[in-house]
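This report refers to the structure that appears directly beneath it.
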Amino acid sequence: MATDEDRITAARAEFDDLEERMSQHGSVRGTLFGKPCLKVGTKAYACQFRDGVAFKLPPDPHAAALKLTGAELFDPSGKGRPMKEWVQIPVRHAKKWPELALQALEHVGG
């Protein structure tokens, strides 16, 4: 059984792969709330957080993403104040991350 640390390590590795893949779309690495994120220009659209990645998504992809097992609204503060456009997707769905990243990139204008 994977531990939280194992899932976090896996998420970081998958995020690094996603970063490389998204660089061909003009994306660069930055930080958001002290965590690694992907940006286009000054706009963040994906953020590696704990054992997943949060994506800033438009309404239809947002609703579909929330239906994935373990997905939740992104609440980086942990104080019950989620960022409404952002959905955090756990590493078990890492194969879906590239598609979500493209949708998020398009959403922020990339």
Determine yes or no for a side-chain-to-main-chain donor-acceptor pair under 3.5 angstrom, with His93 supplying the side chain and Thr69 the backbone.
yes
Rounded at 0.5 Å granularity, tell me how far CZ in Arg81 sits from CG in Asp75.
7.5 Å
Is there a side-chain contact (heavy atoms from CB on, under 4.5 Å) between Leu73 and Leu66? Walk through the geometry before answering.
CA-CA 8 Å; Leu73 291 176; Leu66 275 175; 4.1 Å; yes
Show your reasoning for whether side-chain contact (heavy atoms from CB on, under 4.5 Å) applies to Val108 and Val40.
CA-CA 8 Å; Val108 299; Val40 62; 3.7 Å; yes
So with a 6.0 Å cut-off around CD of Gln24, is the heavy-atom count from everything else above 12?
yes
Pairwise distance SG(Cys37) to CD(Glu19) - rounded to 0.5 angstrom
9.5 Å
By salt bridge (Lys or Arg N to Asp or Glu O under 4.0 Å), Asp17 pairs with (sequence neighbours left out) none
Can you measure from CG (Asp51) to OG1 (Thr3) and round to the nearest 0.5 angstrom?
10.5 Å
Just wondering, more than 12 heavy atoms not from Arg7 lying within 6.0 Å of its CZ?
yes
Just how far is it from atom CD of Gln88 to atom CG of Leu68, taken to the nearest 0.5 Å?
12.5 Å
Minimum heavy-atom separation for Gly52 to Ala11, with atom names?
N-CB, 3.8 Å
Measure the spacing between OH of Tyr45 and CG of Leu102 and express it to the nearest 0.5 Å.
7.5 Å
Do Gln103 and His62 have side-chain N/O donor and acceptor atoms under 3.5 Å apart?
no
Give the minimum heavy-atom separation between Pro98 and Ala94, together with the two atoms involved.
CD-O, 3.5 Å
For Lys56 versus Ala44, what's the shortest heavy-atom pair and its separation?
CD-O, 4.2 Å
Apply side-chain contact (heavy atoms from CB on, under 4.5 Å) to the pair Phe55 and Leu100, showing each step before the final yes or no.
CA-CA 7 Å; Phe55 298 94; Leu100 292 165; 4.0 Å; yes
Does any part of the side chain of Cys47, heavy atoms only, come nearer than 4.5 Å to the side chain of Val53, both counted from C-beta?
no
Excluding Phe33, membership of its hydrophobic cluster (Ile, Leu, Val, Met, Phe, Trp, Tyr; side-chain heavy atoms within less than 4.5 Å) reads Leu32, Phe49, Phe74, Met83, Trp86
Tell me yes or no: between the side chains of Thr9 and Asp6, is some donor less than 3.5 Å from an acceptor?
no
Below 4.5 Å, heavy atoms only, C-beta onward: do Lys35 and Arg50 meet side chain to side chain?
no
Look up atom CZ in Arg29 and atom CD in Gln48, then write down how far apart they are to the nearest 0.5 Å.
8.0 Å
